[in-house]
6 protein chains.
Amino acid sequence: MPLIEYAEAPAEVRAVYDDIKATRGVPDVNNFWKALAVHPPTLARTWDSLKQVMAPGALDPLTKEMLYLAASAAAGCAYCVASHTAAAKAKGMTEAMHGELLAVLGMAAETNRLAESLRVPIDPAFL
Amino acid sequence: MPLIEYAEAPAEVRAVYDDIKATRGVPDVNNFWKALAVHPPTLARTWDSLKQVMAPGALDPLTKEMLYLAASAAAGCAYCVASHTAAAKAKGMTEAMHGELLAVLGMAAETNRLAESLRVPIDPAFL
Amino acid sequence: MPLIEYAEAPAEVRAVYDDIKATRGVPDVNNFWKALAVHPPTLARTWDSLKQVMAPGALDPLTKEMLYLAASAAAGCAYCVASHTAAAKAKGMTEAMHGELLAVLGMAAETNRLAESLRVPIDPAFL
Amino acid sequence: MPLIEYAEAPAEVRAVYDDIKATRGVPDVNNFWKALAVHPPTLARTWDSLKQVMAPGALDPLTKEMLYLAASAAAGCAYCVASHTAAAKAKGMTEAMHGELLAVLGMAAETNRLAESLRVPIDPAFL
Amino acid sequence: MPLIEYAEAPAEVRAVYDDIKATRGVPDVNNFWKALAVHPPTLARTWDSLKQVMAPGALDPLTKEMLYLAASAAAGCAYCVASHTAAAKAKGMTEAMHGELLAVLGMAAETNRLAESLRVPIDPAFL
Amino acid sequence: MPLIEYAEAPAEVRAVYDDIKATRGVPDVNNFWKALAVHPPTLARTWDSLKQVMAPGALDPLTKEMLYLAASAAAGCAYCVASHTAAAKAKGMTEAMHGELLAVLGMAAETNRLAESLRVPIDPAFL
């Protein structure tokens, strides 16, 4: 799959790259965006959504990033684990926090599997 | 699958149920534990692990619970989504926090799928 | 989705049902086959493949059935967990064996998740 | 992600590595453990659990290892498939057994998908 | 989880419901939207994205709907399989097309699992 | 894992390779088949099934190939995404069609996750 660099990108792609760089304060965009640029409407829509979703709100940016990492690890996406581990560290995830996050993910995987293997009925209290 | 109630449980199972109830300050254990009691060694080991992993540490209990929920949703475990949504609410997750968590999970699913569909190479900066 | 019963099934579907019943020594086929009968070529091909794959060979029928159950649980298919748990019990899986199988599945889920979250490089010895 | 070698490991990590090497009769631990050592409590707990779960019991070690492999393949974990394929071969899985295991995993994936796509209702006999 | 009906919905939710009903020519929205309305910004953003993505383009609406169904089945989402099977039928998917789609999904699941279990290296011709 | 080339393959494997090459009009088979040849009965059965399933029918070959790609991407199989992207392009998938397929896959992933996270009840109209 090609990676589309700024220099060769059409104007609509450059506009998205510029907004990513300005929003994040980075000199270049990640490979994810360079790959997604093969379909400019999907690039633009995905970035618009991500910018909205990851903005500070009721949850702080680090918590959002760790949730993103947890979901990416559970989905088994190697690229996503790499990129969101880096992003979470940049937002303040320490070694100790990362270790505990890994422990939670591991236990969740184990108990998810056990619950599905046992076909546990949902407790009335959860409804 | 049978659910093993306290009254009919052998001593080794009762000991685990008692510790869960005391640790969590609840009058009864969830169906997950009652189902898992079909294999007492797995019940005891799983509870011991979970108690360690979910104890307060570098991450606070609510953040851990929301990570658990994120991983459970990504794994598609309906029982686990129900139980950890309830647990996260009990630990302070508001409606607004829940809404933002859902938004992060949705975006993670979308970008995970796109990254895998495009087979994006990992950025050198992430290594 | 409709379930197609023998009485209302076309001849090509009845032929498959008859072969399943004769091969397994059962009076009726499971719902899986009655649902799959909406597309007779897929019904016939799937049964032919399954009959070949599950026949005794280098692995005995119980081991094959437990592997089928392990894979079904990991895929999160509730119907398949229910049907292959029943089938494994019918082939001799005891309560103790079932408990240990669950324990293995749980640990596999946990260590799979950890290995993916840590992006562990494959040991040269495994290649 | 760093791999922590014995020479640079703290005492609590060395103790786990020593127990793995003694239990398995191997000169060094696999990369999985060297990666997991970034969080010593998770390393210790995971090894303790794995040692318990994989010990001989109602299921023999080879059957447990093949179940582990089946679950790892269904979860799509490349590292885990590589390590548990190697482990199963070391415990006696022949080429013929491996071929039949692959065939079962393939059929399970196919019928799991069909059952979910058809939303097959669970047979009363399985309950 | 609550389902938010039109009569009790706030204005921003009603606006989305109205647009869904007008775009699709239906008298009411599906449960998915009524559940998602617990977080109005996610409801609005998701609908905006979906409306863009599912509009006719280089792929016709029925092909898009069948791709959606294929992805939903592979993800094991029962609600999504039910809703997108209904939608695909409404857009012209015949019984025969549905049967062939199921057959493709089953074979994809089987060969995906085999490729991952064998860790097949990517052919140079695909790069 | 070994890849079995034609020159070293036993007769039963060569027969399958010959049929693949003749059916597809290609000079050599893909790595998938060379890997699967470690178990000749699975090679033969899988090819027979695939040939049946992918033959033109109520769905045209390109639609079938795009459905295969959608399912493979949702299953996270990198080899399968690479091979079926190449196959779909060879059958006529344009850049624009590929871009829209990616967009559908991304939205499906997002809405699948949201539906499971919200445990949406199935609408009576879908039953």
Side-chain angles (χ1 to χ4, degrees), chain A residues 1 3 30-32 34-36 38 42 46 49-50 52-54 57-59 63-64 66-80 82-86 94 96-97 99-101 103-116 118-123 125-127, chain B residues 1 3 30-32 34-36 38 42 46 49-50 52-54 57-59 63-64 66-80 82-86 94 96-97 99-101 103-116 118-123 125-127:
Chain A
M1 298 286 197
L3 295 180
N30 293 337
N31 283 349
F32 174 70
K34 294 179 184 176
L36 200 53
V38 295
T42 301
T46 304
S49 290
L50 198 75
Q52 279 181 50
V53 166
M54 297 304 279
L59 297 173
T63 299
K64 287 188 175 183
M66 290 191 298
L67 291 169
Y68 216 115
L69 174 54
S72 300
C77 176
Y79 179 83
C80 314
S83 67
H84 291 285
T85 300
T94 63
M97 293 164 80
E100 294 188 13
L101 178 146
V104 172
L105 295 187
M107 282 310 296
E110 183 169 19
T111 57
N112 288 179
R113 179 74 52 81
L114 290 168
E116 294 198 308
L118 291 159
R119 296 190 299 113
V120 183
I122 295 181
D123 300 64
F126 299 157
L127 300 177
Chain B
M1 299 286 195
L3 295 180
N30 293 337
N31 283 349
F32 175 70
K34 293 179 185 174
L36 200 52
V38 294
T42 301
T46 303
S49 290
L50 198 75
Q52 279 181 51
V53 166
M54 297 305 279
L59 296 173
T63 299
K64 287 189 174 184
M66 289 192 298
L67 291 169
Y68 217 114
L69 174 54
S72 300
C77 176
Y79 179 84
C80 314
S83 67
H84 292 284
T85 299
T94 62
M97 293 165 80
E100 294 188 12
L101 178 147
V104 171
L105 295 187
M107 281 311 295
E110 182 169 20
T111 57
N112 289 179
R113 179 74 52 81
L114 289 169
E116 294 198 308
L118 291 160
R119 297 190 300 112
V120 183
I122 295 182
D123 300 64
F126 299 157
L127 300 177

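The figures that follow rest on heavy atoms only: side chains count, while hydrogens, waters and symmetry mates do not. Reminder, nothing fancy here: chain letters follow the sequence lines and each chain counts from 1.
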(message) Within this structure, what is the SG-CZ distance for the pair A:C80 and B:R113, rounded to the nearest 0.5 Å?
(response) 11.0 Å
(request) Could you look at B:T63 and say if it's the side chain, the backbone, both or neither that has a heavy atom under 4.5 Å from chain A? (result) side chain
(request) Taking the side chain as every heavy atom from C-beta outward, state whether A:Y68 and A:L50 have any atom pair closer than 4.5 Å. (result) yes
(message) Looking only at heavy atoms and a cut-off of under 4.5 Å, which of B:S72, B:S49, B:A109 has the most pairs with chain A?
(response) B:S72
(message) Minimum heavy-atom separation for A:T46 and B:M107, please, with both atom names.
(response) O-CE, 3.9 Å
(message) If you count heavy-atom pairs within less than 4.5 Å of chain A, which of B:A75, B:A35, B:A96 leads?
(response) B:A35
(message) Let me confirm one number: the CG-OG1 distance from A:L69 to A:T85, rounded to the nearest 0.5 Å.
(response) 4.5 Å
(request) Pick one of side chain, backbone, both or neither for A:E100, based on which atoms fall under 4.5 Å of a heavy atom in chain B. (result) both
(request) I would like to know whether B:M66 and A:L59 meet side-chain contact (heavy atoms from CB on, under 4.5 Å); could you show each step before the answer? (result) CA-CA 11 Å; B:M66 289 192 298; A:L59 297 173; 3.8 Å; yes
(message) Heavy-atom pairs under 4.5 Å with chain B: which of A:A70, A:G76, A:S83, A:G106 has the most?
(response) A:S83
(request) Measure A:T111 against the heavy atoms of chain B and call it side chain, backbone, both or neither at under 4.5 Å. (result) both
(request) Please state whether the side chain, the backbone, both or neither of B:A71 comes within less than 4.5 Å of a heavy atom of chain A. (result) both
(message) Distance check, rounded to the nearest 0.5 Å: B:Y79 atom OH versus B:N31 atom CG?
(response) 5.0 Å
(request) Pick whichever of A:G99, A:P121, A:A73 has the most heavy-atom pairs under 4.5 Å with chain B. (result) A:P121
(request) Name the option with the most non-hydrogen atom pairs under 4.5 Å to chain B; the candidates are A:D123, A:L127, A:I122. (result) A:D123
(request) Could you look at B:L3 and say if it's the side chain, the backbone, both or neither that has a heavy atom under 4.5 Å from chain A? (result) side chain
(request) Kindly compute the distance separating CG (A:N112) from NE2 (B:H84), expressed to the nearest 0.5 Å. (result) 7.0 Å
(message) With chain B as the partner, which of A:A115, A:A125, A:A78 has the greatest number of non-hydrogen pairs under 4.5 Å?
(response) A:A115
(request) Specify which of A:L105, A:V38, A:L101 makes the most heavy-atom pairs with chain B at under 4.5 Å. (result) A:L101
